[in-house]
J.: 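Here it is, the structure, as structure tokens.
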Number of protein chains: 2
Amino acid sequence: MTTQKDVAEKAGVTVTTVSRVINNRGYIADETREKVYQVMEELNYRPNAVARSLSKRKSDILGVILPAVYHPFFSSLLSYLENYAHQNGYKIMLCNSQMEAEKEKNYINMLRAQQVDGIFLASHTLDIAKEIKVDLPVLTFDRQIEGIPYICSDNFKGGRLAAEHLLAEGAEELVYIGGSLELDLLSNQRFKGFKETVNRKGLKVKKYQCQLNSFDRQEYKKLAREIFRNKRKIDGIFASSDLIAAAVIKEAENNGIRVPDDLKVIGYDDLELARLFRPEITTIRQPTAAIARRGIELLLKAVEGEEVETENILDVELIKRESA
Amino acid sequence: MTTQKDVAEKAGVTVTTVSRVINNRGYIADETREKVYQVMEELNYRPNAVARSLSKRKSDILGVILPAVYHPFFSSLLSYLENYAHQNGYKIMLCNSQMEAEKEKNYINMLRAQQVDGIFLASHTLDIAKEIKVDLPVLTFDRQIEGIPYICSDNFKGGRLAAEHLLAEGAEELVYIGGSLELDLLSNQRFKGFKETVNRKGLKVKKYQCQLNSFDRQEYKKLAREIFRNKRKIDGIFASSDLIAAAVIKEAENNGIRVPDDLKVIGYDDLELARLFRPEITTIRQPTAAIARRGIELLLKAVEGEEVETENILDVELIKRESA
């Protein structure tokens with residue numbers, strides 16, 4: 001049977017180099033990598049990651065559980081997570097929980113059985129806390145669970161920035177529209193930051209929330225319709241995602257309300273798409289790439305047995321475009 | 001050490017049932033599943049998928065290689081792929097090649113080392129063919145490689161339907177805008193179907209193509225600008241994706257060209273997003289869910305050692321909305 005030593009000899013490199021190429025760790029010149037692959041092919045050498053995983057008790061796999069891969073924010077986050085994991089020699093096992101608690105639970109057990117080295121968990125179901133055992137590193141996104149480190153954007157500040165901008169632009173009749181506040185998500189802080197800032201000015205916020213576990217265009221549309229069915233003239237809306245903002249703007253213009261002249265709308269996330277809409281969406285930018293990079297860093301620290309900061313809140317900023 | 005037999009006894013079920021719960025195969029009543037999980041937790045039983053994988057030479061993992069996870073078409077496809085894989089007791093190892101040939105090659109080797117049971121490959125790099133060995137089941141998406149089964153939407157028909165619709169609406173000055181035709185992708189058939197249909201009417205098509213390996217909003221915008229910088233009055237555009245269509249429509253209206261009054265635009269894909277734009281995008285619908293379902297079916301057939309149809313082309317349809 002061909003061994004790494006055979007490959008190393010024939011390629012004229014050290015066994016360490018062969019191992020690095022196979023595990024995609026450390027710096028390897030393209031030329032060397034190419035040579036090693038070529039020899040591996042000539043000798044028909046197939047490294048067996050499964051056997052290696054058993055012998056070193058490490059799979060070099062990270063589990064990623066997302067509520068909705070098809071949502072542009074999560075697909076962008078996933079793309080970055082995969083990228084940084086790959087740069088560190090890790091593979092991603094993807095789980096799309098579709099916001100079903102039972103599926104999420106199955107996934108956690110499956111990933112444990114698969115001996116992943118750590119889990120990045122963006123949970124959108126109630127009562128996830130009791131499912132998480134600390135027998136392997138877990139990092140949650142936008143969710144705070146006792147004893148588990150978490151990462152998120154500064155949702156509260158995002159809400160505050162949105163409020164400050166709308167107030168500065170003269171809006172007085174303010175609406176918040178977002179996901180269900182029933183779920184114990186840190187993104188609910190967007191509402192809190194928004195409301196507190198508006199209230200401090202002596203003004204009120206009317207809130208509209210989507211049904212539990214929904215990332216659905218139809219649902220956004222329905223909610224947007226409700227807002228404009230109301231008689232009261234609204235002049236400022238903070239939507240908890242750019243997609244919701246787009247749905248609101250569309251519905252507003254369908255009702256003859258011009259954005260931003262009659263109504264100012266701010267989104268959240270700063271999706272690549274935010275600039276494809278007309279008007280381009282003014283938004284609060286989540287630092288998606290930084291969340292992914294820091295998220296992978298934290299998980300790998302935990303995998304190495306190092307202490308990890310519990311609270312990891314990344315800064316946000318207002319991106320002024322056309323809708324507000 | 002706790003075994004499956006211990007779990008079965010304590011839960012009052014058969015070992016087969018425990019195994020089914022662990023492997024997520026076959027029908028299991030929610031109550032039974034719950035009970036088995038509970039006992040597993042009480043006994044602190046951790047099934048070891050890695051060891052099982054070695055003993056049965058099957059990992060129950062499928063590799064999925066995509067060119068750009070953040071692109072809404074691929075994130076939607078991925079979401080469905082994960083869903084159908086999960087329903088069949090398979091996990092997804094995700095690889096985001098970002099259209100880099102070297103990364104794609106690394107991934108194929110990595111997935112092989114990981115002993116995945118099969119690979120779903122949407123490659124957007126040149127010369128992938130020689131990297132693919134038939135030592136494990138591979139299904140390609142939108143790409144035809146000798147000896148490898150492939151799946152795609154009926155790209156040629158999509159192009160034909162787009163042309164027929166634009167012609168029926170009276171368009172005469174026609175443009176195609178899409179990804180690089182240099183890559184040997186089956187999606188290039190969209191252009192071919194479009195062009196042949198237009199030519200048969202005695203009319204011509206001007207084509208604009210993105211740079212190799214680009215799914216970039218800036219690139220779409222640049223191309224769209226080029227189209228309208230041209231003096232010739234254009235009245236019909238077929239864009240090879242809804243995102244490109246959205247960029248074109250935005251650029252048109254920035255130039256005072258009204259869609260669909262002055263210019264009709266048809267997209268491709270039928271993203272969920274197509275209905276969020278104003279005007280809503282008329283498009284050719286790829287049957288994304290069906291591609292994923294059939295794709296997983298084909299891969300699992302191949303995993304079982306069964307013969308698999310080489311050519312799997314799924315039907316498309318024109319979805320008439322507002323932009324054409």
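Reminder, nothing fancy here: chain letters follow the sequence lines and each chain counts from 1.
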J.: Who are the ring-ring contact (aromatic ring centres under 6.0 Å, His included) partners of A:F73, not counting sequence neighbours?
T.: A:F141

J.: Without swapping roles, check the side chain of A:K105 against the backbone of B:E34 for a donor-acceptor pair under 3.5 Å.
T.: no

J.: A:L273 and B:F277: which non-hydrogen atoms are nearest, and at how many Å?
T.: CD2-CZ, 4.5 Å

J.: Is there a side-chain contact between A:R33 and B:N106 (heavy atoms, below 4.5 Å)?
T.: yes

J.: Side-chain contact, heavy-atom cut-off 4.5 Å: A:I61 with B:Q114?
T.: yes

J.: Does a side-chain heavy-atom distance below 4.5 Å link B:E82 with A:V69?
T.: no

J.: I need the minimum non-hydrogen distance between B:Y70 and A:S76, along with the two atoms involved.
T.: CB-CA, 4.3 Å

J.: State, yes or no, whether a side-chain contact exists between B:N83 and A:K103 at a heavy-atom distance under 4.5 Å.
T.: yes

J.: Out of curiosity, A:I92 CD1 to B:M93 CE, how far, rounded to the nearest 0.5 Å?
T.: 9.0 Å

J.: Quick one: side chain to side chain donor-acceptor pair (under 3.5 Å) partners of B:R293, sequence neighbours excluded?
T.: B:Y84

J.: Side-chain contact, heavy-atom cut-off 4.5 Å: A:R275 with B:K221?
T.: no

J.: Is there side-chain contact between A:N96 and B:L78, with at least one heavy-atom pair below 4.5 Å?
T.: no

J.: Where on A:Y80 is there a heavy atom nearer than 4.5 Å to chain B: the side chain, the backbone, both, or neither?
T.: neither

J.: For B:R278, is there any backbone N or O sitting under 3.5 Å from a side-chain donor or acceptor partner on A:R278?
T.: yes

